[in-house]
**Student:** 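Have a look at the structure that comes next, please.
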Amino acid sequence: MKKLMLANEAIARGAYEAGVKVVSAYPGTPSTEIAESVAKYPEVYAEWAPNEKVALEVAIGACFAGARSMVCMKHVGVNVAADPLFTLSYTGVNAGIVIVAADDPGMHSSQNEQDSRNYAISAHIPMLEPADSSEAKRFTKIAFNLSEKYDTPVFLRTTTRIAHSQSMVELVERKNINPASYKKDIVKYCMMPASARKAREDLELRDNRIEEECNHFPLNVAEYKDTKLGVVCAGIVYQYVKDALPDASIFKLGMVWPLPIEAIREFSQKVDRLVVIEELGGFIETQLKAKGIKCEGKEIFSNIGEINVNLIKNKLADGELSNADPNVPVRPPVLCAGCPHRGVFYVLNKLKKTVNGDIGCYTLGAQAPLSSVDTVVCMGASIGMAHGFEKALGTSKNNVAVIGDSTFIHSGITGLINAVYNKSSITVIILDNSTTGMTGHQDHPATGKTLQKESTKKLDFVALVKACGVDWVETVDAYDLKEVERLVKEAEEHQGVSVIIAKKPCVLLEKKPVVAKCVITEKCRRCTMCMKLGCPAINKSMDGIISIDPTMCIGCGLCEAVCPFGAIEKENL
């Protein structure tokens, strides 16, 4: 049976067919759909973890217990999971464990353009990279076999274009695997210095063995055509090369670390010119040159952004580089009409606060006209950075941290504990929209639902914040601008860390019918105060007339609250 699948769905299917028992993940584009797809298979236990470090530790525990396990994350999540990751490479496995790392060249939904292939080298973990959905499923199954054969975790790397593209996948039955028995082995599983030194020596021997044997892996394929040009590539770039250079010989890598050096060397000797085409850094090219293989690469293609068919044609086949129509207007992302974050950012901008922001929808608070967020670095950084601002500039309460509910659980709690412990006087605003919004409305510990939508204990933010040592915490309706402003001002007067929990579910979370719309009345004086909210439902024509698009308005009332002339009213439907 064949089925059209996203590569993320295919990875989930591959894990299912391989007999995986436990899957843990934290949602992050472009990896999110993997865990969501796995959760549809009742034979597999799947969960959302609070962050990627915990997710990997769960998978490690299952692996040591003897069950095949998988952990899924985007590239920046690998940074969060790096601590257990490097030691897992030393301990090895008791059952297969696969780590899916989804990179985002071009930064479609990320704060940096990290190349996870470098983790494969530094952590001494083999890495496979599929080129379509069919390979995504097949490589996942192969990764589990390699993990057990070589006693090592295995990376499966994807990129945005692979993760979210579709191709046909052949489905087969699940392989039922009896869990391996767990045997107490302190030397293997307890990485104290004495055992770690021995493990480090074994690691080197394992690397050498895989590097030698990978020259014969069927994952790595030489496709000979015209030998005037030979191209080494992997992943989505392989698809681009086939379209752009149909006559070129291609060495297609399925394993990007260790590289099959001798097989590539043999290929290089049969072509007149060898070019490495890869997105981001010269990862493959650098290794080939270090082994004495003459090739070209980054002198032709940039280290920045994505590769595409037109670019390859332009660089290597004298094709014309087609550009986008310059007259097409740019469409930047924007907070949804009725977004509960909008009013908070409006107030913070009005009060001229320095706002340390965080990763998620609320990053959009940095854009005009809200122009509220001053800094965004990584998940959970807002609280620590606000604390740093305060220690650098004194005890001024002009400095605020804004963080979402899922992100606070992910890595904001320790920052809050640090601020309390070190006698900070910052204000922290938790924007609680009852979901993990930007990645597609996944549940987390404060929603009271698991990945399978089963009811579970719900994390109480107020109790948690108080347990961290905060003695001033208030909850407010995020749509109530006057109360939000009052609390922000009151928090300024409090000595010590103050926390405001601005609650209102994401407008896309529940598909409830809209019962009222906001309309502009004849009282409008065109002062444009409502435009400062940046709501996409509010428009200004060329002749200065303000209007509200009834197809977008949900009647949240924020524009009504900011209008100084009472010119905006709600109309019941």
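Quick note: numbers below take in every heavy atom, side chains included, and nothing from hydrogens, waters or symmetry partners.
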**Student:** How long is the span from the CE atom in Met385 to the SG atom in Cys378, to the nearest 0.5 Å?
**Tutor:** 8.5 Å
**Student:** Taking atom types as modelled, is there a side-chain donor on Tyr26 or Ser406 under 3.5 Å from an acceptor on the other?
**Tutor:** yes
**Student:** Is Leu509 atom CG crowded by more than 12 heavy atoms from other residues, nucleotides or ligands, each under 6.0 Å away?
**Tutor:** yes
**Student:** Which ring-ring contact (aromatic ring centres under 6.0 Å, His included) pairs, counting each pair once, include a residue from residues 64-116, with sequence neighbours left out?
**Tutor:** Phe64-Tyr189
**Student:** Is there a salt bridge (Lys or Arg N to Asp or Glu O under 4.0 Å) between Asp471 and Lys466 once you walk through the steps?
**Tutor:** CA-CA 6 Å; Asp471 53 20; Lys466 288 183 177 179; over 6 Å; no
**Student:** Supply the atom-to-atom distance Thr450 OG1 to Lys457 NZ, rounded to the nearest 0.5 angstrom.
**Tutor:** 15.0 Å
**Student:** Could you tell me whether Glu306 and Arg161 make a salt bridge, using a distance below 4.0 angstrom between a side-chain N and a carboxylate O?
**Tutor:**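 Yes, this pair counts.
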**Student:** Looking at Phe345, is its backbone amide N or carbonyl O close enough to the side chain of Asn349 to form a donor-acceptor pair, meaning the two atoms are under 3.5 Å apart?
**Tutor:** no
**Student:** Within a radius of less than 6.0 Å around NZ of Lys391, do more than 12 heavy atoms belonging to other residues, nucleotides or ligands occur?
**Tutor:** yes
**Student:** Show every salt bridge (charged side-chain N to carboxylate O under 4.0 Å, His left out) that has at least one partner inside residues 420-432, sequence neighbours left out.
**Tutor:**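 Sorted pair list: Asp432-Lys503.
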**Student:** Do Thr407 side-chain atoms and Gly404 backbone N/O form a donor-acceptor pair below 3.5 Å?
**Tutor:** no
**Student:** Who pairs with Glu52 by salt bridge (Lys or Arg N to Asp or Glu O under 4.0 Å), at least two apart in sequence or on another chain?
**Tutor:** none
**Student:** Hey, does the side chain of Ser69 reach the backbone of Ile97 with a donor-acceptor pair shorter than 3.5 angstrom?
**Tutor:** no
**Student:** Taking only residues two or more places apart in sequence, or in another chain, which ones meet Glu33 in a side-chain hydrogen bond (donor to acceptor under 3.5 Å, both in side chains)?
**Tutor:** Asn8, His164
**Student:** Quick one: side-chain hydrogen bond (donor to acceptor under 3.5 Å, both in side chains) partners of Asp460, sequence neighbours excluded?
**Tutor:** none
**Student:** Does OH belonging to Tyr182 count more than 12 external heavy atoms closer than 6.0 Å?
**Tutor:**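 Result for OH/Tyr182: enclosed.
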**Student:** Under a 4.0 Å threshold between the charged nitrogen and the carboxylate oxygen, would Arg206 count as salt-bridged to Asp202?
**Tutor:** no
**Student:** Sub-3.5 Å donor-acceptor pair from the side chain of Glu493 to the main-chain atoms of Glu490, do we have one?
**Tutor:**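 The answer is no, because no donor-acceptor pair under 3.5 Å joins these two groups.
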**Student:** Check each of Ile554, Leu558, Ile548 against Cys518 using the side-chain contact (heavy atoms from CB on, under 4.5 Å) test, and report the only one that passes.
**Tutor:**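 With Cys518 as partner, side-chain contact (heavy atoms from CB on, under 4.5 Å) holds for just one option, Ile548.
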**Student:** Hey, are the side chains of Cys530 and Ile568 touching, using non-hydrogen atoms and a 4.5 Å cut-off?
**Tutor:** yes
**Student:** Tell me, please, which residues at least two apart from Asp477 pass salt bridge (Lys or Arg N to Asp or Glu O under 4.0 Å).
**Tutor:**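 So Asp477 forms a salt bridge (Lys or Arg N to Asp or Glu O under 4.0 Å) with Lys504.
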**Student:** Could you state the interatomic distance from NE2 (His124) to OG1 (Thr152), rounded to the nearest 0.5 Å?
**Tutor:** 10.5 Å
**Student:** Give a yes or no answer on whether the side chain of Asn51 reaches the backbone of His410 with a donor-acceptor pair at less than 3.5 Å.
**Tutor:** yes
**Student:** Would you please test Val476 and Ile501 for side-chain contact (heavy atoms from CB on, under 4.5 Å) and show each step?
**Tutor:** CA-CA 6 Å; Val476 62; Ile501 302 172; over 6 Å; no
**Student:** Test your reading of the model: is there a side-chain donor-acceptor pair from Asn433 to the backbone of Pro505, 3.5 Å cut-off?
**Tutor:**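 No, Asn433 side chain to Pro505 backbone: no donor-acceptor pair under 3.5 Å.
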**Student:** Grab the two heavy atoms, one from Ala49 and one from Val54, that are nearest each other, plus how far apart they are.
**Tutor:**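 Scanning both residues completely, I find the closest heavy atoms to be CB-CG1, 4.1 Å.
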**Student:** Check whether any side-chain heavy atom of Met191 lies under 4.5 Å from a side-chain heavy atom of Ser195, and answer yes or no.
**Tutor:** yes
**Student:** Checking side-chain polar atoms at under 3.5 Å, does Ser37 have a donor or acceptor matched by the opposite partner on Glu9?
**Tutor:** no
**Student:** If we ignore hydrogens and angles and just use 3.5 Å, is the side chain of Arg157 paired with the main-chain N or O of Ser116 as donor and acceptor?
**Tutor:** no
**Student:** Take Asp104 and Ser110, measure what side chain to side chain donor-acceptor pair (under 3.5 Å) needs, and give me the verdict at the end.
**Tutor:** CA-CA 7 Å; Asp104 189 20; Ser110 305; 2.6 Å; yes
**Student:** Test side chain to side chain donor-acceptor pair (under 3.5 Å) on Thr354 and Asp374 and set out the steps.
**Tutor:** CA-CA 6 Å; Thr354 298; Asp374 292 85; 4.9 Å; no
**Student:** If only atom types and distance count, is the side chain of Thr427 paired as donor or acceptor with the main-chain N or O of Glu492 below 3.5 Å?
**Tutor:** no
**Student:** Specify the closest pair of heavy atoms between Thr158 and Ala163, including all atoms of both residues, with the distance to one decimal.
**Tutor:**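 Shortest heavy-atom contact: OG1-CB, 4.2 Å.
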**Student:** Find the distance between CG (Asn399) and CG (Leu393) and round it off to the nearest 0.5 Å.
**Tutor:**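 Here the rounded value is 7.5 Å.
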**Student:** Give me each pair satisfying ring-ring contact (aromatic ring centres under 6.0 Å, His included) with a member in residues 30-54, each pair once, sequence neighbours excluded.
**Tutor:** Tyr16-Tyr41
**Student:** Can you check side-chain contact (heavy atoms from CB on, under 4.5 Å) on Asp151 and Lys188, steps first, answer last?
**Tutor:** CA-CA 11 Å; Asp151 191 16; Lys188 179 175 175 62; 3.0 Å; yes
**Student:** Does any pair with a residue in residues 433-464 pass ring-ring contact (aromatic ring centres under 6.0 Å, His included), and if so which ones, sequence neighbours excluded?
**Tutor:**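 Residue pairs with at least one partner in residues 433-464: Phe408-Phe461.
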**Student:** How would you list all residue pairs meeting ring-ring contact (aromatic ring centres under 6.0 Å, His included) that involve residues 361-384, not counting sequence neighbours?
**Tutor:** His341-Tyr362
**Student:** Counting only heavy atoms not in Lys517, do more than 12 fall under 6.0 Å of its NZ?
**Tutor:**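 Count over threshold, so yes.
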**Student:** Less than 4.5 Å apart, side chain to side chain, heavy atoms only: is that true for Gln442 and Thr32?
**Tutor:**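 Sidechains of Thr32 and Gln442: in contact.
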**Student:** Run the salt-bridge test on Arg117 and Asp115 with the 4.0 Å N-O cut-off and return the result as yes or no.
**Tutor:**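 Counted as a salt bridge, because a side-chain N and a carboxylate O are separated by less than 4.0 Å.
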**Student:** CG of Asp103 to CD of Glu113: how many Å apart, nearest 0.5 Å?
**Tutor:** 9.5 Å
**Student:** Check salt bridge (Lys or Arg N to Asp or Glu O under 4.0 Å) between Lys489 and all other residues, then give those that pass, not counting sequence neighbours.
**Tutor:**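 Salt bridge (Lys or Arg N to Asp or Glu O under 4.0 Å) list for Lys489, sorted by chain: Glu485.
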**Student:** So, taking the atom named SG in Cys63 and the one named CG in Asn94, what distance separates them when rounded to the nearest 0.5 Å?
**Tutor:** 6.5 Å
**Student:** Which residue pairs pass the salt bridge (charged side-chain N to carboxylate O under 4.0 Å, His left out) test with at least one member in residues 60-83, sequence neighbours excluded?
**Tutor:**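 Checked against salt bridge (charged side-chain N to carboxylate O under 4.0 Å, His left out) - neighbours excluded - the pairs reaching residues 60-83 are Arg68-Glu148.
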**Student:** Please name all residues satisfying salt bridge (Lys or Arg N to Asp or Glu O under 4.0 Å) with Arg13, sequence neighbours left out, ordered by chain then number.
**Tutor:** Glu17
**Student:** Say whether, by atom type as modelled, one donor and one acceptor occur between the side chain of Gln452 and the main chain of Ala46 under 3.5 angstrom.
**Tutor:** yes
**Student:** Counting only N and O atoms by type, is there a donor-acceptor contact under 3.5 Å from the side chain of Thr87 to the main-chain atoms of Pro84?
**Tutor:** no
**Student:** What do the steps show when you test Ile429 against Leu348 for side-chain contact (heavy atoms from CB on, under 4.5 Å), and what is the final call?
**Tutor:** CA-CA 11 Å; Ile429 302 177; Leu348 293 176; 3.9 Å; yes
**Student:** Might you work through the side-chain contact (heavy atoms from CB on, under 4.5 Å) test for Val373 and Val402, ending with a clear yes or no?
**Tutor:** CA-CA 9 Å; Val373 176; Val402 172; 6.0 Å; no
